[in-house]
2 protein chains.
Amino acid sequence: MRVYLDIARHLEQEVRHYFQAGDYLPPESKLAKKYDVNRHTVRRAIDELVFTGLIERQQGRGNMVVSQPYDYPLHAGAHFTDNLMEQGSLPTSQVISRGLVAANEKIAGMFGVELESQVIKLRTLRKINGMPASVIDHYLADLHWWPVVKHFEVGSLHAFLKDKLDVHLTRKSTRLRAMMPKKTDCRLLQLSGKTPIMVFKTTNVITGTDRIVEFSSSHTRSDLVEIVLEH
Amino acid sequence: MRVYLDIARHLEQEVRHYFQAGDYLPPESKLAKKYDVNRHTVRRAIDELVFTGLIERQQGRGNMVVSQPYDYPLHAGAHFTDNLMEQGSLPTSQVISRGLVAANEKIAGMFGVELESQVIKLRTLRKINGMPASVIDHYLADLHWWPVVKHFEVGSLHAFLKDKLDVHLTRKSTRLRAMMPKKTDCRLLQLSGKTPIMVFKTTNVITGTDRIVEFSSSHTRSDLVEIVLEH
DNA sequence: CGAAATTTGTTCGTATGTATA
DNA sequence: TTATACATACGAACAAATTTC
């Protein structure tokens, strides 16, 4: 059983060998016919590739290949450093999902909006030398940004907002802890479940004001990344 | 449409208000009946909560509530905040060992002294509400401080140095990672071995200079302490 | 211990909604 | 506007893991 995992593996090989970033997969319906399974099963397989950041779904358009093939990961144990001051403005991240979600109590409270009101949610994956290093959920308060944010694909979110919307963000506070990865973390970060992750929660305000307009939660592999703060 | 999002929101509220970590949701079949939808739809809703780390699926068993709801009244001891900017000058730490040791390569390099030359080492334990929260190893470059440091017992090491020796220290850099505790960590911090620790390595200079005269390495329980940085 | 019941996991089929070209 | 493609939802069946008896 678990046909979708076989298909996911096969699809991933196909993508890495014969597709480039920007290409689109064949339609789900075609793939379903090709693999002789229900379209649900193909979707479930593609879900896996979306999770790992290889594919991005685009309703009405298709499933796009996000990252380059042949990005071979380094041997484990390699060591990187990171600069906390650049969290949220990291240049090497790519979007793996986006949409509007209802604000939960915490988010609504921070943003000063009604509970259940809609906010923008982006999930980005950051890779270092082809290795997934951290997955970051961004929440944006201002729905007016959505038409623009819809087209953000790779690079720095903060730079993108500054560029396209003239919105300048400043970090207000950062909260940090460590924990063992959940299943989703393991999948997204290709983790074994034995190494802990670091969790950063940061709030960002519009520069010069106290209005929190972005909240992000980052899950970072602790074996690949060492955080550096220069005072 | 998007019934599953409504259900996800409702479930999240229920969980945050009436469930604790370790509790199990009602079976998906019951929830499907309750919300009068197909079980698929309930599953899709629960997927959202799994995604955010609130719920963990356990095949054959049920869907378990994972994390303590953050807007829940905390029972004492569950959660603390800490301020990184005060690391190394924390008032609640006590010395558990002290002495002169030979500098290893790393320490010698940082201090700019000969390999194997003697440096001061202090090990302090920091407790929060009587619970060991972190163990810190301090290395001091200047042996002239030893006669004075010998008498340091509790409180802030930095304040002590300022008081007794008129030495003003300023943090230069902090490096941070997370790891699983070693045996010694488990013993000193009364840890089970299943929760990760955060490791801070900080260098301190004499204020106004670039001379690194203190290096400290702090091992901190990640389940008791959340680090807060205000920018 | 083993069988039955319970609960989540996967797959099929079908239908309809929504976004994009 | 129409066609295409992804998104959501319903119903049914069986598989796999766990608990209960």
Side-chain angles (χ1 to χ4, degrees), chain A residues 1-11 15 19 22-51 54-66 95-102 118 120-123 143 146-153 182-184 186-187 193, chain B residues 1-11 15 19 22-51 54-66:
Chain A
M1 278 297 133
R2 301 234 277 179
V3 182
Y4 76 90
L5 279 184
D6 292 335
I7 295 177
R9 278 192 286 270
H10 187 258
L11 267 180
V15 166
F19 289 69
D23 288 353
Y24 284 83
L25 293 184
E28 293 171 353
S29 49
K30 294 268 174 58
L31 288 173
K33 193 165 294 181
K34 172 181 170 187
Y35 289 113
D36 195 26
V37 295
N38 193 272
R39 193 178 134 233
H40 285 309
T41 307
V42 167
R43 276 182 67 77
R44 186 68 184 80
I46 293 175
D47 277 343
E48 293 298 307
L49 306 191
V50 171
F51 281 145
L54 196 68
I55 298 292
E56 182 188 331
R57 310 196 101 108
Q58 295 172 350
Q59 182 173 356
R61 188 176 299 175
N63 295 308
M64 194 185 71
V65 176
V66 173
V95 175
I96 57 177
S97 73
R98 89 185 80 212
L100 302 178
V101 299
Q118 290 204 303
I120 302 170
K121 177 179 178 183
L122 280 177
R123 171 166 289 181
L143 282 182
W146 177 234
V148 176
V149 168
K150 257 204 300 197
H151 300 103
F152 174 64
E153 285 299 338
K182 309 284 181 236
K183 264 188 204 163
T184 307
C186 291
R187 216 172 20 184
Chain B
M1 275 300 137
R2 301 231 280 179
V3 183
Y4 77 90
L5 278 183
D6 292 335
I7 296 177
R9 280 192 287 270
H10 187 257
L11 267 179
V15 166
F19 288 70
D23 288 353
Y24 284 84
L25 293 185
E28 293 171 354
S29 49
K30 294 268 175 57
L31 289 174
K33 194 165 293 181
K34 173 180 170 187
Y35 289 113
D36 195 26
V37 295
N38 193 274
R39 184 162 78 97
H40 284 309
T41 308
V42 167
R43 278 181 67 77
R44 184 70 183 77
I46 293 174
D47 277 343
E48 294 297 308
L49 306 191
V50 171
F51 224 39
L54 194 69
I55 297 292
E56 182 184 319
R57 311 195 98 112
Q58 295 172 352
Q59 183 172 358
R61 187 174 299 173
N63 296 309
M64 194 184 71
V65 176
V66 173

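Just so we're on the same page: letters track the sequence lines, and every chain starts at 1.
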### Query
Just how far, in rounded Å, is P of C:dT16 from OH of B:Tyr4?
21 Å
### Task
Give a yes or no on this: more than 12 heavy atoms of other residues, nucleotides or ligands lie within 6.0 Å of atom NZ of A:Lys34.
yes
### Message
For the CZ atom of A:Arg39 and the CG atom of A:Leu31, what is their distance to the nearest 0.5 Å?
### Response
10.5 Å
### Query
Is there a side-chain polar atom (N or O) of A:Arg57 under 4.0 Å from OP1 or OP2 of D:dA7?
yes
### Task
Under the salt bridge (charged side-chain N to carboxylate O under 4.0 Å, His left out) rule, collect the residues that match up with A:Asp47, sequence neighbours excluded.
A:Arg57
### Message
For A:His10, give me all partners under ring pair (Phe, Tyr, Trp, His ring centres under 6.0 Å), at least two apart in sequence or on another chain.
### Response
A:Tyr35
### Message
I need the CZ-P distance between B:Arg44 and C:dT10, as an integer number of Å.
### Response
15 Å
### Query
Ignoring hydrogens and angles, does a donor from either the side chain of A:Arg43 or the base of D:dA5 sit under 3.5 Å from an acceptor on the other?
no
### Message
Does the structure show a Watson-Crick or G-U wobble partner for C:dC1, both distances under 3.5 Å? Name it, or say none.
### Response
none
### Task
May I ask you to evaluate whether A:Asn63 reaches the phosphate of D:dA5, defined as a side-chain N or O under 4.0 Å from OP1 or OP2?
no
### Task
Please state how far atom CD1 in A:Ile46 lies from atom P in D:dA5, giving the value in whole angstrom units.
13 Å
### Task
Nearest whole angstrom, please: distance from the P of C:dT16 to the CG of B:Asn38.
16 Å
### Selection: residues 25-36 of chain B, any non-hydrogen atom under 4.0 Å of DNA chain D
none
### Message
Can you tell me how far apart CG (B:Asp6) and OG1 (B:Thr41) are? Round to the nearest 0.5 Å.
### Response
11.5 Å
Mind listing the N/O atom pairs, protein and nucleotides 19-21 of chain C, below 3.5 Å?
| residue | atom | partner | partner atom | Å |
| --- | --- | --- | --- | --- |
| C:dA19 | O4' | A:Gln59 | NE2 | 3.4 |
| C:dT20 | O3' | A:Arg61 | NE | 3.4 |
| C:dA21 | OP1 | A:Arg61 | NE | 2.9 |
| C:dA21 | OP1 | A:Arg61 | NH2 | 2.9 |

Do any side-chain atoms of residues 58-66 of chain A form donor-acceptor pairs under 3.5 angstrom with protein atoms, and if so which ones, sequence neighbours left out?
| residue | atom | partner | partner atom | Å |
| --- | --- | --- | --- | --- |
| A:Gln58 | OE1 | A:Tyr24 | OH | 2.6 |
| A:Asn63 | ND2 | A:Glu28 | OE2 | 3.4 |

### Task
Starting at atom CG of B:Leu5, determine the distance to atom P of D:dA7, rounded to an integer number of angstrom.
13 Å
### Summary
Separation of D:dT18 atom P from B:Glu56 atom CD, nearest Å, is 12 Å
### Message
On the side chain of A:His40, is there an atom forming a donor-acceptor pair with the base of D:dT8 - under 3.5 Å, no angle test?
### Response
no
### Query
At what distance, to the nearest 0.5 angstrom, does CZ of B:Arg2 lie from CZ of B:Arg44?
9.0 Å
### salt bridge (charged side-chain N to carboxylate O under 4.0 Å, His left out) partners of A:Lys150, counting only residues at least two apart
none
## Note on the structure
Here the pair of heavy atoms bringing A:Glu56 nearest to A:Arg98 is OE2-NH2, 2.8 Å
### Message
Can you say whether a donor on the side chain of B:Arg39 sits under 3.5 Å from an acceptor on the base of C:dG9, or the other way round?
### Response
yes
### Query
To the nearest angstrom, how far is A:Asp6 atom CG from C:dT10 atom P?
12 Å
